[in-house]
There are 2 protein chains.
Amino acid sequence: MATGRTHRPATRSRGIPEATVARLPLYLRALTALSERSVPTVSSEELAAAAGVNSAKLRKDFSYLGSYGTRGVGYDVEYLVYQISRELGLTQDWPVVIVGIGNLGAALANYGGFASRGFRVAALIDADPAMAGKPVAGIPVQHTDDLEKIIDENGVSIGVIATPAGAAQPVCDRLVAAGVTSILNFAPTVLSVPDGVDVRKVDLSIELQILAFHEQRKAGEEAEAQAGATAPAERENNGKGPDGDVPAVMPA
Amino acid sequence: MATGRTHRPATRSRGIPEATVARLPLYLRALTALSERSVPTVSSEELAAAAGVNSAKLRKDFSYLGSYGTRGVGYDVEYLVYQISRELGLTQDWPVVIVGIGNLGAALANYGGFASRGFRVAALIDADPAMAGKPVAGIPVQHTDDLEKIIDENGVSIGVIATPAGAAQPVCDRLVAAGVTSILNFAPTVLSVPDGVDVRKVDLSIELQILAFHEQRKAGEEAEAQAGATAPAERENNGKGPDGDVPAVMPA
DNA sequence: TGCTGTGAACATGTTCACAGCT
DNA sequence: AGCTGTGAACATGTTCACAGCA
């Protein structure tokens, strides 16, 4: 998914699996909480529980970063916090712009989790002239016209798109043209970007739909269990044919 | 993640891979757009492009649902829309509650993508008495005290948590106790739930951190390419110790 | 003794390439 | 001829189980 690029050929492996990268922030959060409670060391078992994964996975994940633990003891909390932060690139400052300051954009601007992790909201951008100058989360909203200038002056390489679906691709194109190489997209659209640009998508309704799928399956299992005995081999219809039950057409 | 549970032991397979389930909403969205433009059929190639995946994957995904295409022709748009909707459980109505009506909760309440997919926001719930009665997205906010009653009266099985991190687990417990079996969690916490309850997590800052990782890697590769020669085998620093920069503090 | 670190077995997911139907 | 549907090869991710170090 839009992510990988050329492998690191020379030097050492440095190939941290994508699945591991996705869990590092989780570990980091758990470790930060321990750090605040001044806990000096944790075992893989304890930390795994706090992060909601199993300990074998956690140890394997950490093994990709290096040998940061001590056998018979566990991991030094502060040291691990530092190593993971560095690995994730959080020891540097990442200026971020948020484009589209509606409900969601405002929520993102106010979200504390960004600032505390090295992300700095450098600017808020919206297409509505009425918004211009209005402060959101203490930051004045700027107009889309100045997008390129803003990106350039702040050295922004990460952009967040929280516009309506229709505006997302044009905004994306402008961000990329202005030099942004990583995009977090909240608009319900597939963005197309040139090679070398990473896109991650967060889609609220997709998550709900996945839940609905499992929810439905639970209900089905109950019914099945009640009915006793062998379930009726799944709606037979399946043989194909635009017949079957039910006409067609979606809600909308 | 948090999703799977006991495998279906008996009966027939009906095992749609999790990865496929996660893509069905994507296909559905692309198909709905085609449907609106009254396009009667699509090839796997076209649909795959619209959904941002490759065509082999799409065909494999559909093959788990059944043989819904026509060789030499493609897929009937309306028919597929219906089949996927049914598979995802979207042909039925899913009442949903949103707990925590801050910026994010309000954004969710206003989000059009829910209503258009069979999800109905049955209630908005917040702990702040000052919010009670205030309408958000046309729906009056109710107080947390009535949570159980609301769940019960509306037959809610899906809950969305958009509270601050600290409130998430208690809210989750109450939702589960009241009968909710699927939870979409926006709070930056690991929720623990009993068996049989599904949790999906959407974490804004985690996504940014993953982007930062790749962004950093890009920068590193450039530098390396410029500098030529072997990279300086990992910052030696930090022989352990509570030095480091390391910010700290949890989101909120 | 008690933990980490990791090879090896297993499970899941993706891609290829082509047989088979329309 | 043109497309779907799918076995088989491959790639990635997870879990097991234990060797090896503190």
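Protein chains get the first letters and strands the later ones, always in sequence-line order, with residue 1 at the start of each. Because the structure is predicted, anything quoted here is derived from the model rather than measured.
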>> For the aromatic rings, using the six-membered ring if either is Trp, is the centroid distance between A:Tyr82 and A:Tyr79 under 6.0 Å?
In response: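 No, the ring of A:Tyr82 stays outside the 6.0 Å limit from the ring of A:Tyr79, centre to centre.
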> What residue pairs, at least two apart or across chains, pass ring-ring contact (aromatic ring centres under 6.0 Å, His included) with a residue in residues 27-63 of chain B?
Replying inline: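 Those involving residues 27-63 of chain B are B:Tyr27-B:Phe62, B:Phe62-B:Tyr75.
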> Pairs in or reaching into residues 184-207 of chain B: which pass ring-ring contact (aromatic ring centres under 6.0 Å, His included), with residues at least two apart or in two chains?
Replying inline: none
What's the [atom1]-[atom2] distance between [X] and [N], to the nearest Å?
X       : N      : atom1 : atom2 : result
A:Leu47 : C:dC3  : CG    : P     : 14 Å
A:Lys57 : C:dT12 : NZ    : C1'   : 12 Å
A:Arg23 : D:dG13 : CZ    : P     : 9 Å
A:Leu80 : C:dC3  : CG    : C1'   : 14 Å
A:Asn54 : D:dC16 : CG    : P     : 7 Å
A:Glu45 : D:dC16 : CD    : P     : 12 Å
B:Asp76 : D:dC3  : CG    : C1'   : 15 Å

>> Test of understanding: with side chain to side chain contact (heavy atoms under 4.5 Å, CB included), list the residues that count as partners of A:Thr181, not counting sequence neighbours.
In response: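 Here the qualifying residues are A:Ser157, B:Glu215, B:Lys218.
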>> For B:Arg59, give me all partners under salt bridge (Lys or Arg N to Asp or Glu O under 4.0 Å), at least two apart in sequence or on another chain.
In response: none
For nucleotides 5-8 of chain C, which of its nitrogen or oxygen atoms have a protein nitrogen or oxygen under 3.5 Å away, and what is each distance?
unit_1, atom_1, unit_2, atom_2, d
C:dG5, OP1, A:Tyr68, N, 3.4
C:dG5, OP1, A:Gly69, N, 2.9
C:dG5, OP2, A:Tyr75, OH, 2.9
C:dG5, O4', A:Arg71, NH2, 3.2
C:dG5, N7, A:Arg59, NE, 2.9
C:dG5, O6, A:Arg59, NE, 3.4
C:dG5, O6, A:Arg59, NH2, 3.1
C:dG7, N7, A:Lys60, NZ, 3.3

> What pairs with A:Ser43 under side chain to side chain donor-acceptor pair (under 3.5 Å), at least two apart in sequence or on another chain?
Replying inline: A:Glu46
> So which one's nearest nucleotide on DNA chain D is more toward 5', A:Thr20 or A:Val73?
Replying inline: A:Thr20
